[in-house]
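Start at 1 and go down the list; that is how both ligands and their atoms are numbered. Each residue takes its place number in the sequence, starting with 1. The shown structure was predicted, so the numbers you read here are calculated from the model rather than taken from an experiment.
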Amino acid sequence: MRTFGCQMNVADSELMAQVLGEHYDLTSRAEDADLYLINTCAIRRKSEEKVRSLLGSLKPLKRARPELILGVGGCVAQQEGERLLAFAPHLNLVFGTKGIYRLPELVDRAGRGERVVDVALERDLPNPPQRWWSPGTVQTMVTIMQGCDNFCSFCVVPYVRGRETSRAPGAIVDEVAAFVAAGGLEVTLLGQNVNSYGRGLPEPMTFPRLLRRLNALPGLNRLRFATSHPRDLSPELIHTFGELSALCEHLHLPVQSGANRVLARMNRSYTREHYREKVASLKQACPGIALSTDLIVGFPGETEADFIQTLDLMGEAGFDQAFSFKYSPRPQTRAATFPDQVPEDVKAERLARLQAVQDELTQKAHARLVGQEQEVLVEGRSKRSPQEWCGRLRTNQIVNFTGPRELVGHLARVAITEAHPHSLKGRWVEGSPPRDRGEERLRTSPREVACSER
Ligand code: SAM
Ligand code: SF4
């Protein structure tokens, strides 16, 4: 299984593995696999191109092993449907974002020689299968809602993931409770706009109420969520930061642009002033909260003056991290039809300037942490050096540090010694006891993973 795209796609791939695992054996060796699935992302044209080029590169493998079932799922599959079969004659299966639960049946049909397409976008959310986690797994993602009703004018999500639907709170609480009982420490709740969680449920429910219920689970050390739409960030939600002990002091709050004219044409339903007020309230409710954001440059009609407003807002908000993208016209979206598209060279130049501003802000945020002792959830071996371990602070920065291997899968205290552009460096504070169930966890073999930057 190859996964492209956001955390939501990563979580979907885990779900696919679970759904298929009930019927088939899973293998970690690609050369042993009889089924090769690609989970795709359609958010920008570049992500779609990567999928097409991977499909092309799989032709020789399929020629050598004609019995291999090759399938494409996720957002590009949803968007392209039948057209993908025409593009790739060696492809056996195309399944959309709601086809995951039907995978065993679809794979079975493909195995019997049918070229299968299933891109139905029904509204109902079937209950996911009982989750399991391999021993030593300490972090997981739990999808709490699907789809989006916002129709931002640049975004393909409502077309490829359908209308917004929330999962029942009881099922979410049970899933998180089972994870914590299995030794889990950190849960990230996922949805395109988690702040509107609960709309349309038969029982009255809001996102802050869900957070409170999860925070009450003993043993849950870290709770995170993504993504938040600034319009729906309520005062009640703002006050959960700093109040709920498990809720990490980090919020990803995509602003997209700092210019009101652009925000209106993006159909974001907030202004830069609203956004600034929310940032101020967050910092008041939870001093030390780290903020990250998403930014688009070169949206149709964006002028140099609009762009400067975005740079100004970045400085004012003091983002710790930003994910920035050149605007990419997407099928079916309104902005793709706007006549005033910005030339590619202007987008590239603005992106470089914006990233230089963010690099400075990130470096400053990292420098402020040097000299502090921080709690790190140790994820595995560092990508930078095999002698180092890596993990994340509650405020989401990556730390590479030296210390014993037994720390993997545990919370540890780390003294921050150096600030780098994308990570921090530190030293384990010897003797710092893991705050979680130490003895019990040390007996399980820790899962070793490599930290990755989003
Ligand atoms: N639901 C989230 C929100 O409203 O903030 C966004 C989810 S989207 C998967 C992740 C990010 O991709 C967006 O925040 C936006 O910055 C970027 N994005 C979406 N459509 C884009 C496009 N057409 N061109 C460039 N970037 C895009
Ligand atoms: Fe896309 Fe806007 Fe929905 Fe986010 S809120 S997924 S950007 S339509």
Original post:
Is the closest side-chain donor-acceptor distance between Ser234 and Glu236 under 3.5 Å?
Top reply: no
Original post:
Do any nitrogen or oxygen atoms of Phe154 come within less than 3.5 Å of a nitrogen or oxygen of ligand 1?
Top reply: yes
**OP:** Run the ring-centre check on Tyr270 versus His229 and record whether the distance is less than 6.0 Å.
**Re:** yes
**OP:** State which residues pass side-chain hydrogen bond (donor to acceptor under 3.5 Å, both in side chains) with Gln372; sequence neighbours excluded, sorted by chain then number.
**Re:** Gln374
Original post:
Cation over ring, Arg334 on Phe151, under 6.0 Å and within 45°?
Top reply: no
Subject >> Arg102 NZ/CZ over Phe95 ring centroid, <6.0 Å and within 45° of normal >> reply: no
Subject >> Candidate list Gln139, Glu375, His250, test side-chain hydrogen bond (donor to acceptor under 3.5 Å, both in side chains), partner Arg222, passing option >> reply: Glu375
**OP:** With heavy atoms only and a cut-off of under 4.0 Å, state how Arg330 meets ligand 1: side chain, backbone, both or neither.
**Re:** side chain
**OP:** Give yes if a backbone or side-chain nitrogen or oxygen of Ser228 is under 3.5 Å from a nitrogen or oxygen of ligand 1, and no if not.
**Re:** no
**OP:** For Gln256, counting its heavy atoms only, list the atoms of ligand 1 lying under 4.0 Å from any of them.
**Re:** 5 (O), 13 (C), 14 (O), 15 (C), 16 (O)
Subject >> Which segment of Phe325 sits under 4.0 Å of ligand 1 when only heavy atoms are counted >> reply: side chain
Original post:
Does an N or O anywhere in Asn193 fall below 3.5 Å from an N or O of ligand 1?
Top reply: no
Subject >> Pair Gln355-Ser324, side-chain donor/acceptor within less than 3.5 Å >> reply: yes
**OP:** Using a strict 4.0 Å cut-off to heavy atoms of Pro254, name the atoms of ligand 1 that fall inside it.
**Re:** 5 (O)
**OP:** Would you mind telling me which of Glu164, Gln192, Arg231 makes a side-chain hydrogen bond (donor to acceptor under 3.5 Å, both in side chains) with Asn150?
**Re:** Arg231
Original post:
Taking atom types as modelled, is there a side-chain donor on His252 or Thr227 under 3.5 Å from an acceptor on the other?
Top reply: no
Original post:
How does Lys326 reach ligand 1, by side chain, by backbone, by both or by neither, if only non-hydrogen atoms under 4.0 Å count?
Top reply: backbone
Original post:
Distance from Ser328 atom OG to Lys46 atom NZ, nearest 0.5 Å?
Top reply: 10.0 Å
**OP:** Sort by chain and number the protein N/O/S atoms found under 2.8 Å from atom 3 (Fe) of ligand 2.
**Re:** Cys148 SG
Original post:
Does NZ or CZ of Arg2 lie under 6.0 Å from the centre of the six-membered ring of Tyr36, at an angle within 45° of the ring axis?
Top reply: no
Original post:
Can you tell which of Arg330, Met8, Glu164, Arg268 gets a heavy atom nearest to atom 7 (S) of ligand 2?
Top reply: Arg268
Subject >> For ligand 1, the portion of Arg231 having any non-hydrogen atom under 4.0 Å away >> reply: neither
Original post:
Is there a nitrogen or oxygen of Thr227 sitting under 3.5 Å from a nitrogen or oxygen of ligand 1?
Top reply: no
Subject >> Under 3.5 Å side-chain donor-acceptor pair for Ser257 and Arg268 >> reply: no
Subject >> His229, any N or O under 3.5 Å of ligand 1 N or O >> reply: no
Original post:
So between Arg268, Arg161, Lys46, Arg45, whose heavy atom ends up nearest atom 3 (C) of ligand 1?
Top reply: Arg268
Original post:
Can you list the ligand 2 atoms lying under 4.0 Å from a non-hydrogen atom of Phe154?
Top reply: 7 (S)
